[in-house]
Every structure is written in structure tokens, then in C-alpha cells.
Amino acid sequence: MAETPQSFLQTAKFFIYASGIFFLYFYYGILQETITRTRYGEEKEKFTYSLALVFCQCIVNAIYAKIMGKFFLDQGEDTTRRVYYASCSLTYLLAMVASNMALQWINYPTQVVGKSCKPIPVMVLGVILGRKSYSWKKYVFILMIVVGVALFIYKDSKATASTAGGGIGLGEVLLVLSLTMDGLTGAVQERMIAESKTKSGHMMLNMNLFSIGYLAVALLVTGELFTFVAFVQRFPEVMTKMLIFSVCSALGQFFIFLMVSEYGPLPCSIVTTTRKFFTVLGSVIFFGNELSNRQWGGTFLVFAGLTLDAMYGKTPKKEIKDGKASKEFLHSRTSI
């Protein structure tokens with residue numbers, strides 16, 4: 001049967017949104033690894049300014065959310081309690097900073113695969129704090145993710161002998177911290193949406209504004225602001241990369257919102273999961289982060305678990321699309 005103009009338009013829009021998510025976040029991941037793992041100048045200096053990087057990202061995100069709220073989204077009055085925004089933005093911020101800092105000790109594929117464990121703390125804290133229940137299929141899919149990550153990060157005896165100390169390092173510890181904060185963020189988000197039906201635009205704007213405030217204080221207290229400014233003066237190209245990195249993140253969120261709003265969270269989850277896999281592949285190709293056969297097996301197991309969980313692990317219930325859009329926005333870091 002011939003495809004109608006309406007169905008053709010829907011298909012075309014889907015591929016446009018999916019392509020936007022794929023290419024923007026793929027480039028976002030490449031830029032993140034470029035910024036954090038490049039050695040700058042004759043002294044081979046490392047970029048260690050995770051607070052400044054996230055600060056730049058939050059400013060661009062807040063500007064994006066403000067523009068969307070003023071010209072594209074009319075979401076009415078926001079009745080969400082400020083304490084929810086304050087606590088949720090803190091955990092969201094700690095997750096992002098810890099994830100970026102981890103790249104100083106681990107490679108990008110490890111970060112992406114490790115951060116793919118997000119459903120685990122979200123589910124655990126949902127059971128403990130939100131008294132939620134899940135189907136047996138979801139537990140099976142989450143177990144697949146756990147086994148896949150274990151296979152990926154397990155260090156062979158030869159590799160352990162050649163690395164300082166072996167075992168679990170600071171990078172992996174930071175990933176665990178980031179995942180824990182992701183779980184707390186998800187739990188608070190569920191409460192916000194349940195109590196106040198918090199809209200995506202309100203959540204995006206207020207959480208980034210609170211994050212900017214937290215980061216401004218942290219940059220001054222730690223003195224990172226001054227060392228970062230000096231670093232940028234020596235290597236001004238870093239600032240350009242940071243701005244492009246942040247814009248890719250904001251525009252990627254725009255396509256995620258469109259995807260969730262028009263097609264629901266399932267297609268968006270599959271697209272973002274596929275994008276993460278190709279980001280790992282891109283990191284291997286462009287940055288020489290070689291993976292063993294065991295790590296490739298773990299990677300496939302992780303993304304198979306994520307895809308199956310997106311398709312079959314959800315409990316049938318009425319979806320709150322705007323809330324789903326908000327959570328897709330917050331958990332799109334590979335950073336998405």
C-alpha cells in the first residue's frame with residue numbers, strides 16, 4: 001500500500017529528529033574527549049577544569065531553556081517547590097562533574113559504558129524511596145547491563161600488572177558517585193512530577209539556574225576560576241571547543257524534547273542508546289582507545305540490555321510526556 005503524505009511526513013520528521021540527536025551528541029562526545037584528554041602546549045598540560053566545563057554548559061542550557069520558554073513553549077505557572085529544584089540540581093550537578101572528572105583517569109568508552117548503568121541506581125532508589133515495583137523482565141535486563149559492565153571494566157592479570165595499582169581506580173569511583181547522584185536525581189524528579197506535574201521547560205531552566213549558582217560559588221572557593229582563566233589565556237582554542245560542546249548539548253536536548261513529545265520515550269531511548277554505541281565506536285576509531293574482545297562483548301551486552309529494557313521493561317501505565325521529556329533531557333549526558 002502506498003505511503004500517505006501524512007505518514008511520509010511523520011517518517012521524515014522522525015529521521016530528522018533522530019539524526020539531530022545522533023550527530024549532535026556524537027560530536028558532543030568527540031569534543032568532550034578532545035577537551036579532557038588533549039595535552040596542551042610544550043608542557044603537555046592536562047585540562048582539569050571540570051567545574052568550569054560544566055559551568056559553561058549550564059549557562060548555555062539555561063539560555064536555551066529561557067528562549068524555548070519565551071518563544072516556543074507556553075507551559076503556564078510553575079508550582080514546584082524551590083527546595084526540589086535546589087536538591088535535584090545539586091545531585092544533577094554532582095553527577096555531571098564526577099562524570100567529567102572521571103575522564104582524567106579512564107578513557108571515554110569506559111565512561112560511556114559505565115554511565116549506561118544509570119537504570120540501576122534509578123531503579124534501586126525508586127524501590128527504596130519511591131516504593132515502586134518493577135516487572136521480572138526489567139530485573140533480567142538490568143542484570144544484563146550489570147554483567148556487561150563487569151565484563152567491560154574487568155582487568156586481566158596482564159593489564160593489571162601493567163597499570164598502576166590495578167583494580168578499581170579513581171575514575172571508576174567517580175563513575176559510581178556519578179551513577180549514585182543520577183539515581184537520587186531520578187528519585188527527586190519522580191516526586192516533582194507526581195506532586196506538581198513539573199513541566200520540562202520549568203525543570204530545565206530552574207535546575208540549570210541553581211546549578212550555575214552552585215558552580216559560581218565552587219569556582220571561587222576552590223580557586224579554579226582563576227587557574228581556568230589563565231589556562232584559557234594560554235590556550236584560547238579550548239574556550240571555542242567548550243562553547244561548541246555546550247551548544248551541541250543544548251541543541252541535542254531540543255531534538256530529544258521533540259522526539260519524546262511526538263513519538264514518546266521508547267523511540268527516543270532506542271535512538272539515544274544506539275547513539276551511545278556509535279560514540280564508543282567513534283572513540284575507538286578517532287582516539288585509538290582499543291577494546292579487547294571481552295570488552296566488545298560487554299559493550300554489546302550493555303546496549304542489548306538497554307534496548308530490551310526500553311522496549312519491554314516498562315510497566316504499562318499512562319505516560320506523562322512532558323515529564324519524560326524532562327528526564328530524557330537530564331539523563332542524555334555521555335557524558336549522554
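Values below: every heavy atom of this structure, side chains too, minus hydrogens, waters and symmetry copies.
- Separation of atoms CG (L51) and CE (M101) is listed at 7.5 Å; rounding is to 0.5 Å.
- Cation-pi geometry between R275 and F278 is not met at under 6.0 angstrom from the ring centre and within 45 degrees of the axis.
- In terms of heavy-atom proximity, G252 sits nearest to I21 at O-CG1, 4.4 Å.
- Aromatic ring pairs are classed by plane angle as parallel below 30°, tilted from 30° to 60° and perpendicular above 60°; the pair F254 and Y64 is perpendicular.
- Remark: D78 does not engage K199 in a salt bridge, criterion side-chain N to carboxylate O under 4.0 Å.
- F255 and Y17 have tilted rings, their planes meeting at an angle from 30° to 60° on a 0 to 90° scale.
- Interatomic distance, M259 CE to K13 NZ, rounded to the nearest 0.5 Å: 11.5 Å.
- When the shell of 6.0 Å around OH of Y27 is examined, it contains 12 or fewer heavy atoms from other residues, nucleotides or ligands.
- Between Y214 and F210, the two ring planes are tilted [angle within 30° to 60°].
- A perpendicular orientation is assigned to the rings of F231 and F47, their planes being inclined by more than 60° (bins at 30° and 60°).
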Would you check, one step at a time, whether the test salt bridge (Lys or Arg N to Asp or Glu O under 4.0 Å) holds for D309 with K137?
CA-CA 8 Å; D309 179 52; K137 290 186 291 186; over 6 Å; no

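- Taking hydrophobic clusters as Ile, Leu, Val, Met, Phe, Trp and Tyr residues chained together by side-chain heavy-atom distances below 4.5 Å, L151 does not share a cluster with I106.
- Annotation for G148 and L301: closest pair N-CD2, 3.6 Å, computed over non-hydrogen atoms.
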